[in-house]
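A short worksheet on the structure shown next.
Read the numbers this way: they start at 1 and go in the same order the structure lists the ligands and their atoms. Numbering of residues begins at 1 and proceeds along the displayed sequence.
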Amino acid sequence: MTSSDATEPAAGPLHAALANIVATRLLAWFDRHGRHDLPWQRGITPYRVWVSEIMLQQTQVNTVIPYFDRFMARFPDVQTLADAPEDDVLHHWTGLGYYARARNLHRAARKVCEAHGGVFPRTPDALCELPGIGKSTAGAILSIACGERAPILDGNVKRVLTRLCAIAGDTSRGSTLERLWTLADALTPAERCADYTQAIMDLGATLCTRSRPACALCPLAEACVARAEGTPTLYPSRKQSRRLPERRCQMLVVRNPAGEFLLEKRPATGIWGGLWSFPEIDHGADPATACDRITGEAPGSLHHGTVFRHTFSHFHLDVSPVHIRVPGLGRHVLEDQRLAWYKPGQRALGLAAPVKKLIDALCPAGART
Ligand code: SF4
């Protein structure tokens, strides 16, 4: 029998008793120690909460803050976002990663405007029909922006709950996930839902951290089974780590006589979907032939740069940059909508992260004209 079988409270009176303790202590802690001045906590609207929640998936608060501020300055409301070109949205996401989030955000904004008259729906089911919004994000929008009783279960909350009740098992699937949702629902109070939601997220982010939980400072310490067992960091159960496969490619860093870079818009799906990138060719392909085929220009000069690694969630990509100068503007580039000459700082385009890094290295901001 696992510790979870023995200690997790059954639904009903035990959940109710725990809920009472958790809400009371957590809210008192939140009033004194919670985060109350994050940008999305000012002028709260469903739109601002939604954008912040999507940005905060897989990204730390401190990283998100400047992105959120820039995004709100450019897209202050859902209609502005819906009306914007995708390139502009991706440009404001460049560097945050997981670009499907930005594409879904844009699609969802259009759907809110087209199907809901620019007003976010007020039910979890209707919110979950919008691209990129799952049950937890819907719960966050409804509780934080609308004050409704709606549970959330993001990564921070999963960590707190698995420790609080010593729940073992893979938290992303099946019965474990179901148990966590039942618990999250039972613990969410009817009053002060917005504060409770923010409080449990804050607890996970600031005290109940992944590798060094500060149990001595935690308002839930007396109720926490994992702390009593002395094993908080065993929860949530670790997924079996697997060795990521490795792939290799070459990126053609082509520049014309004006110093502009050749970029290619990637297909909407797949890695860096919808972003602009250097043309990519197979590791064993001939870059000179590829340059001729893609641009209509033979290279004036060509040299190989230093190989670097970019890691995705499911594989490593080893990129060999090939630096090429071409003598003209290339007839194919001028004819093809998916190809463009790009001068840094002069055009808002969403760039794949390694592309931005290479351009910044070759063309530092201070040296741009
Ligand atoms: S007592 Fe420790 S492990 Fe338990 S919820 Fe608090 S910080 Fe997390």
For atom CZ of Arg70, decide whether the heavy atoms of other residues, nucleotides or ligands shown that lie under 6.0 angstrom number more than 12. yes
Residues 121-135 vs side chain to side chain donor-acceptor pair (under 3.5 Å), sequence neighbours excluded, gives Arg122-Glu148
Determine whether more than 12 heavy atoms belonging to other residues, nucleotides or ligands lie under 6.0 Å from atom CZ of Arg42. yes
Let me have the donor-acceptor pairs involving side chains of residues 313-320, under 3.5 Å, with sequence neighbours excluded, atom names and distances please.
residue: His316; atom: ND1; partner: Thr311; partner atom: OG1; Å: 2.8
residue: Asp318; atom: OD1; partner: Arg309; partner atom: NE; Å: 2.8
residue: Asp318; atom: OD2; partner: Arg309; partner atom: NH2; Å: 3.1

Residue pairs, two or more places apart or on separate chains, that pass ring-ring contact (aromatic ring centres under 6.0 Å, His included) and touch residues 120-149: Trp50-Phe120
Centroid-to-centroid, His310 to Trp272, below 6.0 Å? yes
Shell check on atom 2 (Fe) of ligand 1: protein N, O or S atoms less than 2.8 Å away are Cys215 SG
